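Read the numbers this way: they start at 1 and go in the same order the structure lists the ligands and their atoms. Bear in mind that the values here come from a model prediction, so they are computed numbers and not experimental data.
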Amino acid sequence: MDALVVTGGRRLTGQVKVSGAKNAALPIMAASILADGPLVLKGVPDLRDIRTMGRLLGKLGVSAERKRGGTMVLKSPSRSNRSRAPYEIMKTMRAGICVLGPLMARRGRAEVSLPGGCAIGDRPVDLHLKGLRALGARLEIEHGYIIGSCRRLRGAEMYLGGPFGSSVTGTANVLMAAVLADGTTVIDCAACEPEVQDLARVLEKMGARIAGIGSPRLVVEGVDHLGGCEHTVIPDRIEAGTFLVAGAATRGDVTVEGARWNDLFGLVNTLREVGAEAERCDGAIRVCARRRLRSIDVTTLPFPGFPTDLQAQMMAALTTADGISVVTEKIFPDRFMHVAELGRMGARIRKQASAAVVHGTEQLSGAPVMASDLRASAALVIAALMARGKTTISRVYHLDRGYEHLEKKLRRLGATIRRVNLKS
Ligand code: UD1
């Protein structure tokens, strides 16, 4: 099993280029089921989750061929009744649920395994089902599978807010079904995340008619047919944000090329409040920290709020800030798996319900730690970069789900980091 060995204490400096967004690419790949022609996607990161989605689509008769330079060509057969998304694949990647809406809209049937449990807490799919049922889909849960059938879906008005706000993949699923429904659909409390916007833009290029992109109210006029198109996936704001936090946390000076200011303003604002300088420069964002960071209260919220997918990384940075910080999680209230592992490195964090109180300490010290989920792993890497001495992070397969060439990119910024194979 691979592990990362990091020797901390070096400031990160220089430039790094961000890859295409995993969480945009995954639902867009699923949208290929809707199209009559080929979908040519550029800027698709080479990541485990992307390969898993390719395998899942393969089970559904869609060919997903990776070309050179991050291009992927997806072709769905014009007629197919393949509709089974098996548990063996769905248990490893929750975004697999994004095939449900397209299958219902295009093939009128689906047998999609409920996705597996997840280290970051409960991840229900009730909003996905609510929206699709409003469009006329019959959906039952049997033996761990969502069994769906329908004739042509009908446009409807629906409210997709849940106890924690909107749902990103829920909105994506319902949007992908609504574009081929008969008549008008209104999705209220739609997720506004840039990844949902990117999906909507691809659907538009395929011929869909969608108003309100980027707002919480999407209005869709159903069409009879969607064609293929070409699209470049947006840059990954979470990867970019991870490098920006790492730059500030190591008191470095890092420019992230491709990072989009408007997608990251919640983070930029937080970095400024902790005392780092952050500026927008020609298609990039630069962060520079000259002294110890200040403590701050951070609350995760749906976009454009501070993203839950950067909570763990920000908490790692705050472990050595001057003062007491409170990090509150409003999207996934149990998403604190990283707290115990950061504690092994000397961080002083007390978890209280859906918040964590972080007492800043002067310095962390390297230790053997274990990654528990994708973003928690990134937090451990940031902590390791800040720490005195050597940290070994095991179970890095979590990181490989979401960060392309992470060690290489960090080494280019001056980090001492290498991958080793731990015989276990
Ligand atoms: C997506 C992202 C994930 C990110 C999350 C929140 C992908 C592949 N993953 O996950 O990285 O952390 O958005 O920004 O894009 N909920 C319900 N009912 C539902 C669906 C969700 O109550 O039917 C709740 C969830 O438990 C959570 C909140 O709504 O508390 C937001 O979840 P959601 O936006 O659906 O997350 P994902 O789309 O799974």
Side-chain angles (χ1 to χ4, degrees), residues 20-31 45 47-50 52-53 56 90 92-101 112 114-134 139 141 146 158-176 187 189-199 216 233-234 236-239 241-242 263-264 266-267 299-314 328-338 354 373-379 398-399 401-403:
K22 164 181 91 74
N23 285 352
L26 291 171
I28 293 173
M29 286 172 72
L47 295 170
R48 221 180 66 191
D49 275 6
I50 298 287
T52 306
M53 182 59 101
L56 176 58
M90 295 291 291
T92 61
M93 183 194 59
R94 293 195 51 92
I97 191 74
C98 290
V99 299
L100 179 62
V112 176
L114 287 163
C118 183
I120 70 175
D122 283 353
R123 301 195 58 184
V125 292
D126 55 306
L127 296 171
H128 302 237
L129 303 186
K130 178 182 173 183
L132 294 172
R133 282 186 178 129
L139 297 165
I141 310 280
I146 303 166
M158 67 187 78
Y159 177 80
L160 278 198
F164 303 99
S166 52
S167 164
V168 173
T169 50
T171 303
N173 241 335
V174 177
L175 178 62
M176 288 190 279
I187 307 174
C189 205
C192 305
E193 270 67 5
E195 295 77 14
V196 178
Q197 297 179 34
D198 205 35
L199 169 67
V233 176
I234 53 168
D236 194 314
R237 66 190 167 110
I238 305 302
E239 187 203 7
T242 302
D263 291 356
L264 280 157
L267 172 71
T299 302
T300 64
L301 290 169
F303 186 81
F306 190 96
T308 174
D309 284 352
L310 287 171
Q311 179 257 107
Q313 298 89 316
M314 194 66 215
T328 306
E329 183 48 76
K330 293 263 189 175
I331 309 290
F332 294 110
D334 297 324
R335 190 174 202 174
F336 289 108
M337 303 294 286
H338 40 287
S354 60
D373 65 78
L374 172 54
R375 307 305 170 185
S377 316
H398 290 293
L399 268 178
R401 282 186 41 220
Y403 289 92

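- The protein heavy-atom contact nearest to atom 24 (C) of ligand 1 is Phe164 CD1, 4.3 Å.
- Remark: the backbone N or O of Tyr159 is paired with a side-chain donor or acceptor of Lys130 at under 3.5 angstrom.
- The protein heavy-atom contact nearest to atom 10 (O) of ligand 1 is Arg123 NH2, 3.0 Å.
- For atom 11 (O) of ligand 1, the closest non-hydrogen atom on the protein side is Asp309 OD2, 2.6 Å.
- Among protein heavy atoms, atom 25 (C) of ligand 1 sits closest to Phe332 CE2, 3.9 Å.
- The backbone N or O of Ala191 lies less than 3.5 Å from a partner atom in the side chain of Thr171, making a donor-acceptor pair.
- At a heavy-atom distance under 4.0 Å, only side-chain atoms of Thr308, from C-beta outward, approach ligand 1.
- Considering only non-hydrogen protein atoms, atom 23 (O) of ligand 1 sits nearest to Leu127 N, 2.7 Å.
- Atom 38 (O) of ligand 1 has its closest protein heavy atom at Thr169 OG1, 2.6 Å.
- Residue contact check: Ala95 has heavy atoms under 4.0 Å from atoms 8 (C) of ligand 1.
- When heavy-atom distances to ligand 1 are checked against a 4.0 Å cut-off, Val168 comes that close through both its backbone and its side chain.
- In this view, Thr242 and Ile238, Leu310, Gln313, Ala378, Ile382, Tyr403 satisfy the side-chain contact (heavy atoms from CB on, under 4.5 Å) rule, not counting sequence neighbours.
- Checked by distance only, ligand 1 and Lys22 stay at 3.5 Å or farther apart across all their nitrogen or oxygen atoms.
- In the candidate list Thr300, Asp126, Asn23, Asp126 is nearest to atom 18 (N) of ligand 1, counting heavy atoms.
- Residue-to-ligand polar distances place Ile331 within reach of ligand 1: an N/O pair is separated by less than 3.5 Å.
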Per-pair distances, 0.1 Å, donor-acceptor, side chain in residues 161-170, under 3.5 Å, sequence neighbours excluded:
unit_1, atom_1, unit_2, atom_2, d
Ser167, OG, Gly170, N, 2.9

How far apart are the C-alpha atoms of Gln311 and Phe332, what are their side-chain angles, what is the distance that settles it, and do they pass the side-chain contact (heavy atoms from CB on, under 4.5 Å) test?
-> CA-CA 10 Å; Gln311 179 257 107; Phe332 294 110; over 6 Å; no

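- Contact check for Glu193 versus Pro302: side-chain heavy atoms found under the 4.5 Å cut-off.
- In terms of polar-atom proximity, Pro163 is not counted as a contact of ligand 1, lacking any N or O under 3.5 Å from an N or O of the ligand.
- Side-chain contact, Ser354 with Glu329: no donor N or O sits under 3.5 Å from an acceptor N or O.
- Between the side chain of Asp198 and the backbone N or O of Ile234, at least one donor-acceptor pair lies under 3.5 Å.
- The closest approach between any non-hydrogen atom of Pro124 and ligand 1 is below 4.0 Å.
- Those atoms of ligand 1 that come under 4.0 Å of a heavy atom in Arg335, given as number and element, are 12 (O).
- Shortest contact from atom 35 (O) of ligand 1 to any protein heavy atom: Ser167 OG, 2.6 Å.
- For the pair Glu195 and Lys22, the salt-bridge criterion is not met [side-chain N within less than 4.0 Å of a carboxylate O].
- Ion pairing between Arg94 and Asp49 fails under the 4.0 Å rule for side-chain N and carboxylate O.
- With hydrogens and angles ignored, the 3.5 Å screen pairs a side-chain donor or acceptor of Gln197 with a backbone N or O of Cys192.
- Near His128, the atoms of ligand 1 lying under 4.0 angstrom from a non-hydrogen atom of the residue are 23 (O).
- In terms of polar-atom proximity, Pro333 is not counted as a contact of ligand 1, lacking any N or O under 3.5 Å from an N or O of the ligand.
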